[in-house]
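Note sheet for the following structure.
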Amino acid sequence: MKMGKTNHIKNNIRSIVGKNETDETLVDSFYSTMDLLSDGVLFLNRNWEFEYINESAETMLRNDRLELIGKQIWSEYPYLVRTLFYEAYYHALMKNTPLEFDEYDSNLDTWFHVKAYPKQTGLLVIMQDITEKHVAMEVIEESYRTLFQKHPDAVCSLDLDGNFLAVNKAFKTLFPMDEKLFLGSHYSEFVPKSKKDVLDELFKYAKNGNPQALEVDLTKDINQSHYLLITALPIIVQSNIIGVYGIIKDISTERDSLKKYLEISRRNELILDSVEDGIAGFNNEYDVVMWNRAAEKMTGYKKEELTPELISEMFKGELPSSETDSKVDIPLSPDKVKESIVRKNAVSFIRKDGKPILIEFIMTPMVLPEKIVGKVFTFRDITEKKKSEELLYQSEKLSAVGQLAAGIAHEIRNPLTSLKGFLQLIEMSGEGKPEYFEIMKSEFGRIEQILNELLILSKPQTLEKEVCSLNSLLDHIVTLLNTQAIIKNIYIQKHEKSKDVYVSCISNQIKQVFMNFIKNAIEAMDCGEIIVNVNKDDTYAIVEVIDEGCGIPESMLARVGEPFFTTKEKGTGLGLMVSYQIIEDHGGEIEVESKEGVGTRFTVKIPL
């Protein structure tokens, strides 16, 4: 019986392929090949009877194919009548038109992808079981539907013309209008005119396959703070763009918070920049997070120039190690924070231009609930403060010296007068050696000179100033001291770079100043030349006294002019101190340059 059915199927194959009945080899090959296919293949004649069923189709139909041959499909599967299978098969055969469709067989609980090809003798049907694929697609579609409907932001879908296809629940909440007003309408109907162009551009980009996002400020359009973040995404199905998704998020709260944050930050920045103290904030790796204008002005460095290595070099190791106090894993107690505060005074700091300054700073940790995240340095330039303190100290010292000098001069002058008187009496009596009297007179004269210098310190001078020619005054001094200099084989050369240099001064005091400088130069030399230059600028008369003496050590230059400081074996230091005081009283200043073994240059400036 089965052999007869098989032969009947082969005969039907001959009619399908349209070959000569004697071509048994071709028929057998076709029969074997069809059974190797994973797709189900069946042939229905024009009476809707099964004429051929391959092995895969037998499996899909869940029926013996030999039993189905010669039977009508609608009799064996009556539930298919009036389904898409029925309508499609009839349409393909009657209209002689190939058809392709997906349909669900409820009896077999299977989704089929069907291709129907009309033939002269019937209908060739090729079927694929796409149940697993269809279920997967349904899962994906349901996921998309859920994502669309449950998305926290407002989402809408548009066709390629810009008409609304669907909106989600969040969209209807953000735009409380009847959904029917949206669907089928063009998006531009609901957009302010001022924003139409930018939204058209956004839609155009997405329609061309380029996702774009845009922040839209509607504040002016609705007279209240309102910001939307609109993202446009292309809807792609099987590599074809079929529409555009619009995702709209209300970011008004975030924008307002950002505005407030920026306002507070700007206010804090203004406060920091108005403070005269430098303020610097570093994280634990010493990256700069805060650097105010005073810090920039004080150091010469801009924030973007600073690196951890540069900061470490600038502070010369004054920064504490980050390993000791920055990585704290337990809550910090107030005592722990207090221990981390560092105060330093008179720390040497090198500015960007290489100039050293003195700073004092306080280092305070930046503390979060569980750890120190950085450090804040508040520092100020105390260079001038230190100079002022030094000047005050010198002033107090001079005051003390003046008081001491007055007491010494008073106490010494009385016995000195008596001693000089008795020395004259002894000399008149003719007793003693004459050479001893000369030595004693010389020493008494020296003591009187020291007393006179002490008295200058002890009481202010009230002499009247008068206009003097500095050129003439220096001529007189050079002539006076040249004789003494020549004895030591020293020559004093005066060069007048400016003629007629006049100053308002107490001539005797100014004469004493330059006599002190030139005498010191003579005493510092064994031979050579002393240069006295006279010049002036718009404000000052400038006199330089340059010698070729032994020079002053660099470490001692800062002390020149202090009372009782001297580099001479028998000097008192009072001469230079008095000279400094006189020039200061005249509103001038003194600068000194010296190099050991080369010589010294004193530059005196006196107001014209």
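FYI, the numbering just counts along the sequence from 1.
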What distance separates Lys195 NZ from Leu218 CG, expressed to the nearest 0.5 Å? 6.0 Å
Answer yes if the side chains of Gln581 and Asp585 hold a donor-acceptor pair under 3.5 Å, and no otherwise. yes
Residues 597-608 side chain polar contacts: donor-acceptor under 3.5 Å, at least two apart:
unit_1 : atom_1 : unit_2 : atom_2 : d
Thr600 : OG1    : Ser594 : OG     : 2.8
Arg601 : NH1    : Glu544 : OE2    : 3.2

Ile530 and Ala521: which non-hydrogen atoms are nearest, and at how many Å? CD1-CB, 3.7 Å
Do the charged groups of Arg267 and Glu263 touch, with an N to O distance under 4.0 Å? yes
Any donor-acceptor pair under 3.5 Å from Asp381 side chain to Gly278 backbone: no
How about Tyr227 and Leu258: do any of their side-chain heavy atoms sit closer than 4.5 Å? no
Check salt bridge (Lys or Arg N to Asp or Glu O under 4.0 Å) between Asp475 and all other residues, then give those that pass, not counting sequence neighbours. Lys494
Does NZ in Lys303 sit with more than 12 non-hydrogen atoms of other residues, nucleotides or ligands closer than 6.0 Å? yes
Does any part of the side chain of Leu470, heavy atoms only, come nearer than 4.5 Å to the side chain of Ile510, both counted from C-beta? yes
I'd like to know if the side chain of Lys488 and the backbone of Ile522 have a donor-acceptor N/O pair within less than 3.5 Å. yes
In Å and rounded to the nearest 0.5 Å, what is the OG1 to CG distance from Thr231 to Asp153? 8.5 Å
Would the distance check show the side chain of Asn471 and the main-chain N or O of Val501 forming a donor-acceptor pair, the cut-off being under 3.5 Å? yes
For Ser469, enumerate each residue passing the side chain to side chain donor-acceptor pair (under 3.5 Å) test, keeping only those at least two apart in sequence or located in another chain. Ser472
Say you draw a straight line from CD1 of Ile230 to NZ of Lys249; how long is it, rounded to the nearest 0.5 Å? 13.5 Å
Distance col, row Leu202:CG vs Asp197:CG, nearest 0.5 angstrom, shows 12.5 Å
To check you understand the geometry: which heavy-atom pair defines the closest contact between Tyr540 and Asp537, and what is its length? N-OD1, 2.6 Å
Is a donor on one side and an acceptor on the other found under 3.5 Å between the side chain of Asp547 and the backbone of Phe517? no
If we only count heavy atoms from C-beta on, is the Val513 to Gln509 side-chain gap below 4.5 Å? no
How far does SG of Cys505 sit from CD of Glu466, to the nearest 0.5 angstrom? 7.0 Å
Tightest non-hydrogen contact, residues Tyr301 and Trp291, listed as O-NE1, 3.0 Å
N/O donor-acceptor pair under 3.5 Å between Asn292 side chain and Ile279 backbone: yes
Would you check if Leu473 and His476 make a side-chain contact, meaning some heavy-atom pair closer than 4.5 Å? no
State which residues pass salt bridge (Lys or Arg N to Asp or Glu O under 4.0 Å) with Asp200; sequence neighbours excluded, sorted by chain then number. Lys196
Is any side-chain heavy atom of Met515 less than 4.5 Å from a side-chain heavy atom of Leu480? yes
Report yes if some heavy atom in the side chain of Thr364 is under 4.5 Å from a heavy atom in the side chain of Thr378; otherwise report no. no
Is there a side-chain contact between Glu548 and Glu529 in this structure, where contact means two heavy atoms from C-beta onward sitting under 4.5 Å apart? yes
For residues 351-361, pull every pair meeting salt bridge (charged side-chain N to carboxylate O under 4.0 Å, His left out), keeping only residues two or more places apart or in separate chains. Glu305-Lys352, Arg351-Asp353, Glu360-Arg380
Listed partners of Asp500 passing side-chain contact (heavy atoms from CB on, under 4.5 Å), at least two apart: Tyr502
Roughly how far apart are Glu254 CD and Lys259 NZ, rounded to 0.5 Å? 13.5 Å
Between the main-chain N or O of Ile506 and the side-chain N or O of His586, is there a donor-acceptor pair closer than 3.5 Å? yes
Report the C-alpha separation of Phe282 and Val288 in whole Å, then their side-chain angles, then the decisive distance to 0.1 Å, and conclude whether the side-chain contact (heavy atoms from CB on, under 4.5 Å) test is met. CA-CA 5 Å; Phe282 310 121; Val288 180; 3.7 Å; yes
Are His226 and Asp250 close enough that some pair of their side-chain heavy atoms sits under 4.5 Å apart? yes
